[in-house]
Amino acid sequence: MNGLQILGTGRALPDHITTNDDLAKLVETNDEWIVSRTGIRERRFAREGESLTQFAVEAAQKALERAGLAPEDIGLCLMATVTPDCITPAQSCLVHQALHLPEDCPAFDLSAGCTGFLYAMETAAALLPRMSRPYALLIGGELLSRIVDMSDRSTCILFGDGVGAAVVKTTEDAPWFSKLGTRGEKDILWAPGPGNHPAWLHMSGQDVFKFALETVPKLARELLDQAGLDKDQVDWYVPHQANHRIVESVAKRLKVPLSKFYENIALYGNTSAGTIPIALDEMAEQGLLRGGQWIMCLGFGAGLTWGGALFQWQDKEEK
Ligand code: UT7
């Protein structure tokens, strides 16, 4: 079975912080409501003139550096996003251009909402063995502030901007268990295509909440079954950061202590395809990820899509 080894991670977020109190000046809301209903305290919004490309390139450069690899080593470049700078070419092509990736390194985008990074990992695991070089650059992230209606209190408090990246290679011996799914359903979480103005994101929050609790605990159990592991053998659960209450409910349903779930939603809100790679990068930086640990990433989002990966963290061999 082909699995992936994560060799290096990176992240890049706008430096401009918007607090709950800042949003309370725009819409009828307050810090207490937002913190108690979502766990979010602040988020980053890109300034006018900043682009997804610049954050994606910064995150990718850090991931390459930590992997000890150069752009010419990369054989596949994937970017998961729903807020590309252009409709065409793909966001990954803009990164390809900026990093001068080799011409025989294909680049394309994946649109799987907040599950995007898990879709990218699975695609890389399948495709990498057929590429010219064994390393892939995987990027997930958004400038959601570009499609969120800042006068809609049910969405503007939830989302933020940010990008995470990972450089991976395929391995045949490292354990890797994964599962992806889709429940085609537009009206719960969607944004209109080009030419439609305004292009705001629409969401039925309660339906997404329900979907997450229907799918994520079941997905976690299926991954554990695939691997023949007990829930307590997993060292870290890395959930999509959509709402602290969702994470709490998933932990409760799985009967896993909340302390095993990595959370940073208080600082960044929901950065969609960015949440999982940003979390992995923070965890790596804090020394939380050590060789031999079992990590389970769990995502859900627009599509509706869901997906998870359960793998053993491997320390990078020193060159
Ligand atoms: O990555 C996937 C993307 N999306 C998600 O994961 C979203 C998942 N869903 C959620 O996180 C939650 O459903 C929300 C945080 C969006 C909403 O929380 P909720 O507990 O489901 O609240 P609600 O929609 O049931 O609204 C409760 C009340 C309503 O007022 P009434 O009708 O009870 O008078 C809302 O109008 O809260 C009101 N409300 C607000 N009040 C203050 C809605 N948004 C706000 C707000 N501030 N920002």
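Keep in mind that this is a model prediction, so the values were computed, not measured. Computed from heavy atoms alone, side chains included, the values below leave out hydrogens, waters and symmetry copies. When a ligand or atom number is given, it counts from 1 through the structure's own listing order.
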Among protein heavy atoms, which sits nearest to [atom], and what does the distance come to when rounded to 0.1 Å?
atom: atom 38 (C) of ligand 1; answer: R153 NH2, 3.6 Å
atom: atom 8 (C) of ligand 1; answer: G205 O, 3.5 Å
atom: atom 23 (P) of ligand 1; answer: Q206 NE2, 3.7 Å
atom: atom 5 (C) of ligand 1; answer: V208 CG1, 3.5 Å
atom: atom 6 (O) of ligand 1; answer: A242 CB, 3.2 Å
atom: atom 4 (N) of ligand 1; answer: M203 SD, 3.2 Å

Identify whether the distance between the nearest side-chain nitrogen and carboxylate oxygen of [X] and [Y] falls below 4.0 Å.
X: R183; Y: E214; result: yes
X: D235; Y: R290; result: no
X: D15; Y: R47; result: yes
X: R133; Y: D104; result: yes

Distance-only side-chain donor-acceptor flag, [X] / [Y], under 3.5 Å:
X: S178; Y: E122; value: yes
X: D109; Y: S92; value: yes
X: T271; Y: E142; value: no

How about CD on E185, more than 12 heavy atoms from neighbouring residues, nucleotides or ligands closer than 6.0 Å, or not?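 Enclosed: over 12 neighbouring heavy atoms sit under 6.0 Å from CD of E185.
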I'd like to check which ligand 1 atoms, numbered from 1 as shown, lie under 4.0 Å from a non-hydrogen atom of [X].
X: T29; result: 42 (C), 46 (C), 47 (N), 48 (N)
X: C114; result: 1 (O), 2 (C)
X: T38; result: 15 (C)

Protein heavy-atom contact under 4.0 Å for [atom]?
atom: atom 15 (C) of ligand 1; value: yes
atom: atom 40 (C) of ligand 1; value: yes
atom: atom 31 (P) of ligand 1; value: no
atom: atom 34 (O) of ligand 1; value: no

Parallel, tilted or perpendicular: which one describes the rings of W236 and Y262, with boundaries at 30° and 60°?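 W236 vs Y262 ring planes: perpendicular.
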Do the rings of F300 and F211 sit parallel, tilted or perpendicular, given the 30° and 60° boundaries?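 F300 and F211: perpendicular rings.
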I'd like the name of whichever of F209, F300, W33 reaches closest to atom 17 (C) of ligand 1 through any heavy atom.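 Heavy atom nearest to atom 17 (C) of ligand 1 belongs to W33.
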Nearest option to atom 27 (C) of ligand 1, as decided by whichever heavy atom of R245, R37, H244 sits closest: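 When every heavy atom of R245, R37, H244 is considered, R37 comes closest to atom 27 (C) of ligand 1.
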Is N243 touching ligand 1 with its side chain, its backbone, both, or neither, if touching means heavy atoms under 4.0 Å apart?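 The part of N243 near ligand 1 is the side chain, not the backbone.
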For ligand 1, the portion of N270 having any non-hydrogen atom under 4.0 Å away: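 Just the side chain.
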Decide whether F108 and L4 are clustered together by the hydrophobic rule: side chain heavy atoms of Ile, Leu, Val, Met, Phe, Trp, Tyr closer than 4.5 Å, transitively.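 Same hydrophobic cluster.
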